[in-house]
Undergrad: 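Take a look at the following structure, please.
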Amino acid sequence: MIVSSVSDSEFKILVKAVQKGKIQYVLIPVTFTTSVEGVEVSGNIESEYTIDGIRANSNVKGIKIVRDVNGKVKKVLAK
């Protein structure tokens with residue numbers, strides 16, 4: 001298996017397989033995002049939950065599910 005980087009958010013995996021004396025190659029392109037942008041949270045937060053659904057406080061870092069007093073629910077990345 002060979003992993004080669006194309007850019008900061010993209011890489012390729014080359015897998016070599018040998019079966020009954022025959023060699024086969026599979027190329028797997030992989031892309032991913034490195035950040036979350038454009039998320040806004042109002043100051044009227046009613047409750048916060050972790051991604052597992054466990055109630056959290058404001059100090060918890062990572063992805064949270066936030067419900068405001070108007071009933072809107074958003075996913076937020078807290079650093």
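Quantities reported herein were computed from a predicted structural model and do not represent experimental measurements.
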Undergrad: Suppose we screen for side-chain contact (heavy atoms from CB on, under 4.5 Å). Which residues come up paired with Lys12, at least two apart in sequence or across chains?
TA: Ser4, Val6, Leu27

Undergrad: Decide yes or no on side chain to side chain contact (heavy atoms under 4.5 Å, CB included) for Ile65 and Val73, but give the supporting numbers first.
TA: CA-CA 7 Å; Ile65 301 168; Val73 178; 3.5 Å; yes

Undergrad: Quick one: list whatever passes side-chain contact (heavy atoms from CB on, under 4.5 Å) with Asp52, sequence neighbours left out.
TA: Thr50, Ile54

Undergrad: Counting C-beta onward and ignoring hydrogens, is there a side-chain heavy-atom pair between Ile28 and Val30 closer than 4.5 Å?
TA: yes

Undergrad: How far does NZ of Lys72 sit from CD1 of Ile45, to the nearest 0.5 angstrom?
TA: 13.5 Å

Undergrad: Under a 4.0 Å N-O cut-off, is there an ion pair linking Glu46 with Arg67?
TA: no

Undergrad: Using the side-chain contact (heavy atoms from CB on, under 4.5 Å) criterion, which residues pair with Ile63? Sequence neighbours excluded.
TA: Ile51, Leu77

